[in-house]
Asks: 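Can you keep this structure in mind? I'll have questions shortly.
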There are 2 protein chains.
Amino acid sequence: MLTERQRLILNAIVDDYIRSAEPVGSRSISKRGDVGFSPATIRNEMADLEELGFLEQPHTSAGRIPSHKGYRYYVDHLEPIYEALPTELRSLRTYFAEKLNATEQVIQHAAMILSHITNYTSILLGPEVFHTSLRHFQLLSLNETTAVAIIVTSTGQVESKTVAIPAGVSVSDMEKVVNLLNSKLVNVPLYKLKSSLYRELGQEMQRHLTHFEEIMGILDNIFVDTETDQRVYLSGATNMLNQPEFKDVDKVKDILDLLEETPTLTKMMAATQGSAGIQVRIGTENDHEAFANCSLITATYSLDGEALGTIGILGPTRMEYARVMSLLGILSNDLTKMLSKLYK
Amino acid sequence: MLTERQRLILNAIVDDYIRSAEPVGSRSISKRGDVGFSPATIRNEMADLEELGFLEQPHTSAGRIPSHKGYRYYVDHLEPIYEALPTELRSLRTYFAEKLNATEQVIQHAAMILSHITNYTSILLGPEVFHTSLRHFQLLSLNETTAVAIIVTSTGQVESKTVAIPAGVSVSDMEKVVNLLNSKLVNVPLYKLKSSLYRELGQEMQRHLTHFEEIMGILDNIFVDTETDQRVYLSGATNMLNQPEFKDVDKVKDILDLLEETPTLTKMMAATQGSAGIQVRIGTENDHEAFANCSLITATYSLDGEALGTIGILGPTRMEYARVMSLLGILSNDLTKMLSKLYK
DNA sequence: CGTTAGCACTCGACTAAGATGAGTGCTAAC
DNA sequence: GTTAGCACTCATCTTAGTCGAGTGCTAACG
């Protein structure tokens, strides 16, 4: 749909704009060398590209900047030519040298490093409940009325919750319940835990226990989070402030506010989780007004062929797509390899 | 050291400046009503106050703003006259209505609400290791080479760590160790855990176990964090961006960067933990250049008479001291009461 | 016919000069 | 001791003018 020359010029404009954050003029494109035409010719093509919606003009006498559509085209036709620098690779892989052996720690650490070397914000969605199952359940009383419930998942995550034990419920009753859960519900996926509880154990428990209602109430309370709880970690949120387009506090405020809102983040990250590989969402494709000038690049990491979680890099729409995509690719590969080594 | 009139004028200036964030002139003080003197008289006093170091002048023809010394005087002589508004009290206490029964959750929630109603940033230092002890220790194997160690503290906090089990170490060996720990080290304060491990169990373990060295290595690895690990929670960090003094991105960047650095935060909060009651650190008293224009107000909450943790509110030096101090006072009281009800 | 040189035009960014006014310090009078 | 009066300072705002990067159009060129 675009001629070869148009493609070349669009590419050059996006490249330049990514580097400089300033509108790009026809003369500077001509001088780059890789487009061997005079400014006048380039101007003509630029006018066409603007009419087609790939470019925008902040005002009449300024250069052009890519529109969202322009970025989209650029990304879709990007050849993955970026070669990660040795220093980047080295820092990206330092965490393999350290003795980390918890999924969460490894991934968290990786995301931190990623935000450092890219100078963007990294968002990380922890292992997904859909793919983790119950490994062990335990109840530990702290005093007469309070106890801690501990849930260990198949990936080694530990969730805990303090619960109140109603008067009248005996220790032996609770022990029975815990044993029952451990014998019947181990290896059940977390998101099915609550339903399995009723279906498989309801009758049996009602037979053996005196305070059935109260105990079910407690268990409900313990498992209520397991259905939705996905941990989100942020790293380098303040890197947003480095971008010249956000030098105005009001613009960046909305973004940082949104980043503080865990549920929104979870939702946004989860939305990309459908398809594997590296995903790019540009500007308004993120469905959040605050992110209208941001792009989010995500990659999933997996264990056993199944997507476990997502790592995302958030930056301005004018972000270094090639570099970030390449780095994310390397990382998600390494992570997947490492996880399978840990848990196979 | 200051005359009554000087005190009155200083108070008025600080009050006005807190409200308006603009240098305060002599005329506006005179018009307030509570200082019944003409602008000229007030100007004379202001000149004296400036010479004494309580006030500063941004430039010759501007009004005065309080210096750090001025704020300090203001805070030290502040009569706690602020009456919390009914709406403030109500939202501050909503979390008591909800059924929360984990220390951490309650406090975290409280800090969140506090940052909302004050429009400042709240920082929260979780229960201190100095005052929590081991309640239960457990090791749960995930597969042949990996296991999860779970530590439950006397306040119901759960810490977990995934560890690698070296080949050759048998399950029964590990079981022996776990039993030994649970029988000998329960109720030992967390920060003494590592030393007690060597002193009390070293010999006995060496006698009974085959792979003593390896096992001690694992335990070391598990307990290494317990000596220092204090969780820090942040809420409303972006509220900093609302303050007119931080409308310049460069100024606020350093602050937000520092807030992202957990260890620094921990240290800063821990520094205030010495004395009980409400503490105020103004400007450079915080020992961090980035916080030179910020004040930190902290309160400790306690269980059983011993300080457990700290809640802090961070704002510009020009912050509403009276209001925040009063709210923090109410909250730390309520929290202390609630905790003792939960764990007694 | 595609490409390019030339040129008038646009418009934001920067600069300088002047006006405004809030606020001060000083002096003299009450 | 207090206050009115007044000259002075200086950041902020406004206006006008200049500059220059970049455009769109036209005409010439191979």
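Just so it is clear: chains get the letters A, B, ... in the order the sequence lines come, proteins before strands, and each one is counted from 1.
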Asks: Is the base of D/dT9 touched by the side chain of B/Thr60 through a donor-acceptor pair closer than 3.5 angstrom?
Replies: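 Donor-acceptor pair under 3.5 Å: no.
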
Asks: Name the residue closer to the 5' end of DNA chain C, choosing between A/Ser61 and B/Ser26 according to the nucleotide with the nearest heavy atom.
Replies: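 Of the two residues, A/Ser61 wins.
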
Asks: Roughly, in whole Å, what's the span from CD in A/Gln57 to P in D/dT23?
Replies: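 Answer to the nearest Å: 7 Å.
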
Asks: If I take atom CD in residue B/Gln6 and atom P in nucleotide D/dG1, what distance separates them, rounded to the nearest angstrom?
Replies: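 Whole-Å distance recorded here is 13 Å.
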
Asks: Let's see if you get this right: which residues in residues 33-54 of chain A place a heavy atom under 4.0 Å from DNA chain D?
Replies: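 Contacting residues: A/Arg43, A/Met46.
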
Asks: Run the side chain to side chain donor-acceptor pair (under 3.5 Å) check on A/Asp257 and B/Thr238 step by step: do they pass?
Replies: CA-CA 6 Å; A/Asp257 275 350; B/Thr238 54; 2.4 Å; yes

Asks: Using a cut-off of less than 4.0 Å, is there contact between a side-chain N or O of A/Arg5 and OP1 or OP2 of C/dT3?
Replies: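 So the side-chain polar atoms of A/Arg5 do come within 4.0 Å of the phosphate oxygens OP1 or OP2 of C/dT3, strictly under.
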
Asks: What I want to find out is whether A/Glu56 reaches A/Arg64 closely enough, with some N-O distance under 4.0 Å, to be called a salt bridge.
Replies: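 Looking at A/Arg64 together with A/Glu56, the answer is no, because their closest N to O distance does not fall below 4.0 Å.
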
Asks: Checking side chain to side chain donor-acceptor pair (under 3.5 Å) for the pair A/Tyr233/A/Ser122: CA distance, chi angles, key distance, verdict?
Replies: CA-CA 8 Å; A/Tyr233 301 94; A/Ser122 74; over 6 Å; no

Asks: Quick one: B/Asp16 CG to C/dG23 C1', roughly how many Å, whole number?
Replies: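 Answer to the nearest Å: 15 Å.
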
Asks: For B/Arg27 and C/dG21, what is the distance between atoms CZ and P respectively, to the nearest whole Å?
Replies: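 From B/Arg27 CZ to C/dG21 P: 13 Å.
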
Asks: Of the options B/Thr298, B/Thr300, B/Thr310, which is the one that meets B/Leu125 in a side-chain contact (heavy atoms from CB on, under 4.5 Å)?
Replies: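 By the side-chain contact (heavy atoms from CB on, under 4.5 Å) criterion, B/Leu125 pairs with just one of B/Thr298, B/Thr300, B/Thr310: B/Thr310.
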
Asks: In whole Å, what is the span from the NE2 atom of A/His59 to the P atom of C/dC11?
Replies: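 Rounding to the nearest Å, NE2 of A/His59 and P of C/dC11 are 9 Å apart.
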
Asks: Give the rounded distance in Å between these two atoms: CD1 of B/Ile9 and C1' of C/dT24.
Replies: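 It works out to 15 Å between those atoms.
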
Asks: Please name the residue in the list B/Leu314, B/Thr317, B/Val75, B/Asn286 that meets the side-chain contact (heavy atoms from CB on, under 4.5 Å) test with B/Ser295.
Replies: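 Running side-chain contact (heavy atoms from CB on, under 4.5 Å) over B/Leu314, B/Thr317, B/Val75, B/Asn286 with B/Ser295 returns exactly one hit, B/Thr317.
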
Asks: Heavy-atom count check: over 12 atoms from other residues, nucleotides or ligands less than 6.0 Å from A/His68 NE2?
Replies: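 Check passes, neighbour count above 12.
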
Asks: Please evaluate residues B/Arg19 and B/Glu320 with respect to the criterion salt bridge (Lys or Arg N to Asp or Glu O under 4.0 Å), reporting the C-alpha separation (whole Å), side-chain torsions for both, the decisive distance (0.1 Å), and the verdict.
Replies: CA-CA 8 Å; B/Arg19 208 163 319 135; B/Glu320 302 164 273; over 6 Å; no

Asks: Hey, is A/Lys251 close enough to A/Glu245 for a salt bridge, meaning N to O under 4.0 Å?
Replies: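 No, no charged N to carboxylate O under 4.0 Å.
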
Asks: Just N and O in the side chain of B/Arg64: are any of them under 4.0 Å from OP1 or OP2 of C/dT24?
Replies: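 So the side-chain polar atoms of B/Arg64 do come within 4.0 Å of the phosphate oxygens OP1 or OP2 of C/dT24, strictly under.
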
Asks: If I take atom CD in residue A/Glu22 and atom P in nucleotide D/dA21, what distance separates them, rounded to the nearest angstrom?
Replies: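 Rounded to whole Å, this separation is 12 Å.
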
Asks: B/Ile29 CD1 to D/dT3 P: how many Å, rounded?
Replies: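 In whole Å, D/dT3 P lies 15 Å from B/Ile29 CD1.
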
Asks: For the helix from C/dC1-D/dG30 to C/dC30-D/dG1, what angle lies between the axis at the first five pairs and the axis at the last five pairs, to 10 degrees?
Replies: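 About 20° separates the two local helix axes.
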
Asks: Would you indicate whether A/Glu83, at its atom CD, is surrounded by more than 12 heavy atoms from other residues, nucleotides or ligands within a distance under 6.0 Å?
Replies: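 No, because the 6.0 Å sphere around CD of A/Glu83 holds 12 heavy atoms or fewer from other groups.
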
